[in-house]
Amino acid sequence: MRDRLGRTIDYLRISVTDRCNLRCVYCMPAEGVPYKAHSEILSYEEIVRLVSVSAKLGIKHIRLTGGEPLVRTGIVQLIRELKKIPGIDDISLTTNGTLLAPMAKELQTAGLNRVNISLDTLQPECFATITRTGSLDAALEGIKAALAAGFDPVKINTVALAGVNDDEMADLAALTLKYPLHVRFIEVMPLGADVAWAKNHVLPLAEVKARAESVGRLAPATVTGAGPAQVFRYATGVGTVGFIGALSHGFCHRCNRLRLTADGRLKPCLASDKEIDVKQVLRQGADEKELKALFSRALALKPSHHKLQQHKEHERIMCQIGG
Ligand code: SAM
Ligand code: SF4
């Protein structure tokens, strides 16, 4: 699929649930969000049908996200079914890692190619502050299990937060000296429950890179599925260090993705409130042609660039979109 600006769209991010076992400050409110009823959430059969249609339109890479995708029962079976769809050659998953350890090998055997694990800190108290719940040890066990299961690459998503984890940027980057991990620093975006909080905690990635370079010189490098990240490596590094500056660096011209929310809306852009209700059409018995038309409509709505710098409120927050 190509959009009106000539961007090739071959990547679909699917949120399989709006539920999560953590309450990260940049994402959710402390009290959580009212969850959708199960009947509002796409069934696995519906997801598989939509992915089959999207694959015929050129989608090759599926990423499962949430909420926390590992809280949804049957996720392993979903991966098995997605793996069978002709044209889908890469399935990845973004997780907070805390439930991953006992599931990692099973997920890999089912056909999951890659995992991104979110980890913002190596300090238990800071983990508790950021996630408001959850255990750093469980997240670290998840990372170890991902490496042991043979996922490659294993990426670490670190949201850089001024005044919260800024003193740990060098320590997190230094993990790539010892482990084959690909640590990517992400600027906090105004897409959580508290937009003002995000605005007050932006840590520019130039600053993060300077801190990472206190460990050693970073030279340009590559990693599979780097997407919008600028990727580097220490001279003796076994992993890589990446920077994803949604606010300070524009990469919309290279955007290759659409999103599907857990409640069945196609979103042309993370930062746009525009969405297309595919669930309703699907449940009315739509045929393949009608479903393909919905993907075309989503493509036509893809903006040329986002306006995140304006720090405006959005209708959905991160855990309801999938990041
Ligand atoms: N629960 C899973 C997790 O945390 O990895 C998957 C869903 S989460 C919404 C996906 C990614 O979005 C995570 O890496 C998370 O750190 C990131 N994220 C959430 N809110 C964010 C924000 N306001 N700015 C930047 N990244 C954010
Ligand atoms: Fe949950 Fe992920 Fe949002 Fe944290 S970032 S609250 S783990 S969905």
Side-chain angles (χ1 to χ4, degrees), residues 13-33 35 63-72 75 92-100 103 107 114-121 126-136 138-139 142-143 146 154-162 164-165 172 182-205 208 227-229 242-249 251 257 259-262 267 270-271 306 308-309 311-314 316-323:
R13 291 178 71 107
I14 303 174
S15 170
V16 296
T17 179
D18 58 348
R19 297 174 189 232
C20 188
N21 57 335
L22 303 185
R23 295 282 178 274
C24 303
V25 281
Y26 44 69
C27 181
M28 283 229 200
E31 67 281 10
V33 284
Y35 293 140
R63 176 172 296 279
L64 302 176
T65 173
E68 172 48 46
L70 299 186
V71 301
R72 184 157 174 189
I75 189 85
S92 58
L93 175 117
T94 301
T95 171
N96 62 41
T98 56
L99 304 171
L100 181 60
M103 296 175 74
L107 288 163
R114 306 188 274 129
V115 283
N116 287 16
I117 304 170
S118 304
L119 181 76
D120 303 324
T121 174
C126 188
F127 191 89
T129 304
I130 293 174
T131 65
R132 297 192 180 106
T133 168
S135 131
L136 173 63
I143 294 170
V154 175
K155 294 184 186 167
I156 303 296
N157 286 356
T158 300
V159 181
L161 299 164
V164 180
N165 62 357
L172 285 154
H182 302 272
V183 177
R184 299 124 46 86
F185 294 100
I186 301 172
E187 261 168 3
V188 62
M189 294 180 275
L191 288 169
D194 190 343
V195 167
W197 188 93
K199 189 174 182 181
N200 289 334
H201 290 82
V202 173
L203 180 60
L205 289 187
V208 178
F243 300 93
I244 303 181
L247 297 178
S248 57
H249 287 92
F251 38 69
R257 56 194 69 181
R259 290 176 160 80
L260 179 63
T261 65
K267 275 186 81 72
L270 173 69
H306 66 68
L308 286 172
Q309 295 86 346
H311 281 90
K312 289 212 172 116
E313 300 261 345
H314 287 80
R316 285 180 189 264
I317 59 173
M318 271 303 225
C319 58
Q320 298 164 322
I321 307 172

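Counting convention: from 1, in listed order, for ligands and their atoms alike. As the structure is a prediction and not an experimental result, all values here were calculated from the model.
Residues Arg184 and Asn116 have side chains in contact (heavy-atom distance under 4.5 Å, counting atoms from C-beta outward). Counting heavy atoms from C-beta outward, Thr17 and Ile75 have side chains that stay 4.5 Å or more apart.
With a 4.0 Å cut-off on non-hydrogen atoms, Thr95 touches ligand 1 through its backbone and not its side chain. With a heavy-atom cut-off of 4.0 Å, Val159 touches ligand 1 through its side chain alone.
Remark: ligand 1 atoms within the under-4.0 Å shell around heavy atoms of Glu187 are 25 (C). The Gly67 neighbourhood of ligand 2 comprises atoms 8 (S), with distances under 4.0 Å to a heavy atom of that residue. Applying the 4.0 Å criterion to heavy atoms of Thr65 picks out, from ligand 1, the atoms 6 (C), 7 (C). Per-residue contacts place Ser118 under 4.0 angstrom from the following atoms of ligand 1 (heavy atoms of the residue considered): 3 (C), 4 (O), 5 (O), 13 (C), 14 (O), 16 (O). Taking every non-hydrogen atom of Tyr26 and a distance limit under 4.0 Å, the qualifying atoms of ligand 1 come out as 16 (O), 18 (N), 19 (C), 20 (N), 21 (C), 22 (C), 23 (N). Ligand 1 places these atoms under 4.0 Å from at least one heavy atom of Gly67: 1 (N), 2 (C), 6 (C), 7 (C). Using a 4.0 Å cut-off to heavy atoms of Cys27, the atoms of ligand 1 that qualify are 20 (N). Every atom of ligand 1 with a heavy atom of Asn157 under 4.0 Å away is listed here by number and element: 14 (O).
Residues Glu68 and Thr95 have side chains that bring a donor and an acceptor to within less than 3.5 angstrom of each other.
Around atom 4 (Fe) of ligand 2, the protein contributes the following N, O or S atoms at distances under 2.8 Å: Cys24 SG.
Considering backbone and side-chain N/O atoms, Glu68 comes within less than 3.5 Å of an N/O atom of ligand 1. Not a single N or O atom of Val188, backbone or side chain, sits closer than 3.5 Å to an N or O atom of ligand 1.
Taking each heavy atom of Thr158 and Leu119 in turn, the nearest pair found is OG1-O, 2.8 Å.
Judged purely by atom type and a 3.5 angstrom limit, Arg23 has no side-chain atom pairing as donor or acceptor with the backbone of Arg132. Side chain of Arg13 to main chain of Leu270: no donor-acceptor pair is present (N/O by atom type, distance under 3.5 Å, no hydrogens or angles). Proximity of a side-chain donor or acceptor of Asp18 to a complementary backbone N or O of Thr261 within less than 3.5 Å is not detected.
Applying the ring-ring contact (aromatic ring centres under 6.0 Å, His included) criterion to Phe185, with sequence neighbours excluded, gives Phe243. Residues satisfying the salt bridge (Lys or Arg N to Asp or Glu O under 4.0 Å) criterion with Arg72, sequence neighbours excluded, are absent altogether. A search for side-chain contact (heavy atoms from CB on, under 4.5 Å) contacts involving Thr131 returns Leu22, Cys24, Phe127, not counting sequence neighbours.
When Val16, Thr98, Leu107, Asn96 are each tested for a side-chain contact (heavy atoms from CB on, under 4.5 Å) with Leu70, only one passes: Leu107.
Within the structure, the closest approach of Gly97 to ligand 1 does not fall below 4.0 Å when heavy atoms are considered.
If you take CD1 on Ile14 and OG1 on Thr65, they are separated by 10.5 Å, rounding to the nearest 0.5 Å.
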